[in-house]
Amino acid sequence: MSRSSKEMPSVDFGVLPYSSNTLPYGSPARTTPLSILNSLPPHQRLNLVMAEAFARKMEWTGVQWNDEKSTVLDCSCNPGLMSQIIAPYVKHVTGVDPSDATINEYNRRAANQRLYPNKVRGFPGDLSTYNPDPRLEYSEFYNFDLAIIGPGFHISNYPQVILMHIYRRLKSGGIILIMDYESPYQGYSSVPSQSRHYGYTRGELQALLEQQGLADVYVEALTDSEGNSILDEGGQRQLVLAKGVKKGWQA
């Protein structure tokens with residue numbers, strides 16, 4: 001059953017400012033009044049704007065959101081921003097992060113919402129090493145409908161390795177979504193040393209996904225409710241959403 005046809009429960013990992021922030025499917029998403037946005041600390045305000053922007057793009061992603069069937073891999077899940085956004089729309093979210101402490105906090109927040117372990121569960125594991133992490137080589141870490149990566153993908157020194165492991169874990173027809181900041185510099189390796197992790201241009205991000213064998217790759221800017229670009233806290237990098245589809249036989 002699609003979430004578009006019934007009321008969604010509230011999901012709160014403590015990442016967004018308040019528990020009533022469950023977002024409706026489709027466009028336009030619910031918009032937080034400016035009076036509330038302006039009263040929030042910058043980091044919370046940015047998280048909330050990102051969440052609402054993603055909700056407005058949910059139909060664009062091409063994902064068949066189904067709270068009785070859809071399974072999701074949240075890569076480098078951190079405390080759970082992306083999991084909080086998508087949990088109401090899917091059957092189960094599996095979070096993966098290299099940090100044991102982060103996973104403990106992720107599961108604690110899920111347990112506080114009575115989502116752990118049946119709806120949301122995190123596991124320690126590293127997707128950035130060339131050889132597969134043995135902790136993630138079980139059937140429960142394969143055959144996902146969707147894999148999602150939140151802001152921070154650009155920080156990894158081995159993006160192709162991460163995408164390789166994610167690709168293997170998707171079922172045929174599965175989708176990868178990457179929400180990240182667009183670099184103002186052309187050429188990842190030519191970014192000034194003090195800004196080495198600024199990220200990728202849209203063209204570079206698209207090329208990374210296509211080189212991994214993903215099809216129907218698109219990268220679009222995310223905007224706020226008034227159509228303005230969403231920038232990082234420094235006001236220099238624009239938030240974008242990339243998607244790609246795994247076609248053909250499942251690896």
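Values below: every heavy atom of this structure, side chains too, minus hydrogens, waters and symmetry copies.
At a threshold of 4.5 Å between non-hydrogen side-chain atoms, the residues Ile103 and Cys77 count as touching. In this structure, the side chains of Arg108 and Asn104 stay at 4.5 Å or more apart for every pair of heavy atoms. Taking 4.5 Å as the limit, some side-chain heavy atom of Pro124 sits within range of a side-chain heavy atom of Arg135. Proximity of His165 to Pro132: side-chain heavy atoms (C-beta onward) are separated by under 4.5 Å at one or more points. Side-chain contact between Glu204 and Leu208 is absent, with no heavy atoms from C-beta onward closer than 4.5 Å. Annotation: side chain of Leu231 is not in contact with side chain of Gln236 (no heavy-atom distance under 4.5 Å). Looking only at side-chain heavy atoms (C-beta outward), Leu241 and Trp60 come within less than 4.5 Å of each other. The shortest side-chain heavy-atom distance between Gln238 and Ile230 does not fall under the 4.5 Å cut-off.
Residues Ser83 and Asp74 have side chains that bring a donor and an acceptor to within less than 3.5 angstrom of each other. Side-chain contact, Ser128 with Asp126: a donor N or O sits under 3.5 Å from an acceptor N or O.
Using a 4.0 Å cut-off between charged nitrogen and carboxylate oxygen, Lys171 and Asp145 count as a salt-bridge pair. Ion pairing between Glu137 and Arg169 holds under the 4.0 Å rule for side-chain N and carboxylate O. Under 4.0 Å is where a charged nitrogen must lie from a carboxylate oxygen, and between Arg237 and Glu182 no such pair does.
A salt bridge (charged side-chain N to carboxylate O under 4.0 Å, His left out) with Asp216 holds for exactly one of Lys246, Lys247, Lys243; it is Lys247.
Within the 3.5 Å criterion, the main-chain N or O of Asn228 finds a donor-acceptor partner in the side chain of Asp224. Although no hydrogens or angles enter the test, the distance criterion places a donor-acceptor pair under 3.5 Å between the side chain of Asn78 and the main chain of Ser76.
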From CA spacing to verdict: side chain to side chain contact (heavy atoms under 4.5 Å, CB included), Ile149, Ile166: CA-CA 10 Å; Ile149 309 175; Ile166 293 173; 3.5 Å; yes
Asn107/Arg109 under side chain to side chain contact (heavy atoms under 4.5 Å, CB included): CA gap, chis, key distance, verdict: CA-CA 5 Å; Asn107 285 333; Arg109 295 183 183 203; over 6 Å; no
Check against side chain to side chain contact (heavy atoms under 4.5 Å, CB included), Ile162 and Phe153: CA-CA 9 Å; Ile162 292 175; Phe153 174 68; 4.3 Å; yes
Derivation of the side chain to side chain contact (heavy atoms under 4.5 Å, CB included) call for Trp65 and Ile86: CA-CA 9 Å; Trp65 302 100; Ile86 63 177; 4.0 Å; yes
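Between the OH atom of Tyr167 and the CD1 atom of Ile176 there is a distance of 8.5 Å, given to the nearest 0.5 Å. Between the CD1 atom of Ile178 and the CD atom of Gln206 there is a distance of 11.5 Å, given to the nearest 0.5 Å. The distance from the CZ atom of Phe54 to the CG atom of Leu239 is 11.0 Å, given to the nearest 0.5 Å. Atom OG1 of residue Thr71 and atom CG of residue Leu170 lie 9.0 Å apart, to the nearest 0.5 angstrom. Lys57 NZ to Thr223 OG1: the interatomic distance, rounded to the nearest 0.5 Å, is 7.0 Å. Thr94 contributes atom OG1, which lies 5.0 Å from atom NE2 of His92 (distance to the nearest 0.5 angstrom).
Nearest heavy-atom pair across Ile85 and Pro88 is O-CD, 3.6 Å. In terms of heavy-atom proximity, Glu233 sits nearest to Pro42 at OE1-CB, 3.9 Å. Nearest heavy-atom pair across Pro151 and Met50 is CG-SD, 3.8 Å. In terms of heavy-atom proximity, Gly244 sits nearest to Val217 at CA-CG2, 4.1 Å. Across all their heavy atoms, Lys91 and Lys119 have their closest contact at O-CD, 3.4 Å. Among all heavy-atom pairs drawn from Gly152 and Asp180, the shortest one is N-OD1, 3.3 Å.
Hydrophobic clustering (ILVMFWY, side-chain heavy atoms < 4.5 Å, transitive): Leu214 and Met164 are in distinct clusters. Using a 4.5 Å cut-off between side-chain heavy atoms of Ile, Leu, Val, Met, Phe, Trp and Tyr, with links allowed through other members, Leu81 and Leu222 fall into the same hydrophobic cluster. Residues Leu163 and Tyr158 do not share a hydrophobic cluster, defined by chaining ILVMFWY side chains whose heavy atoms lie under 4.5 Å apart. In terms of hydrophobic clustering, with Ile, Leu, Val, Met, Phe, Trp and Tyr side chains grouped at heavy-atom distances under 4.5 Å, Tyr138 and Phe123 are assigned to a common cluster. Residues Met58 and Val93 are members of one and the same hydrophobic cluster, defined by side-chain heavy-atom contacts under 4.5 angstrom among Ile, Leu, Val, Met, Phe, Trp and Tyr.
Within 6.0 Å of CD on Glu220 lie more than 12 heavy atoms contributed by other residues, nucleotides or ligands.
In this structure, Tyr181 has its ring center at least 6.0 angstrom away from the ring center of Tyr200.
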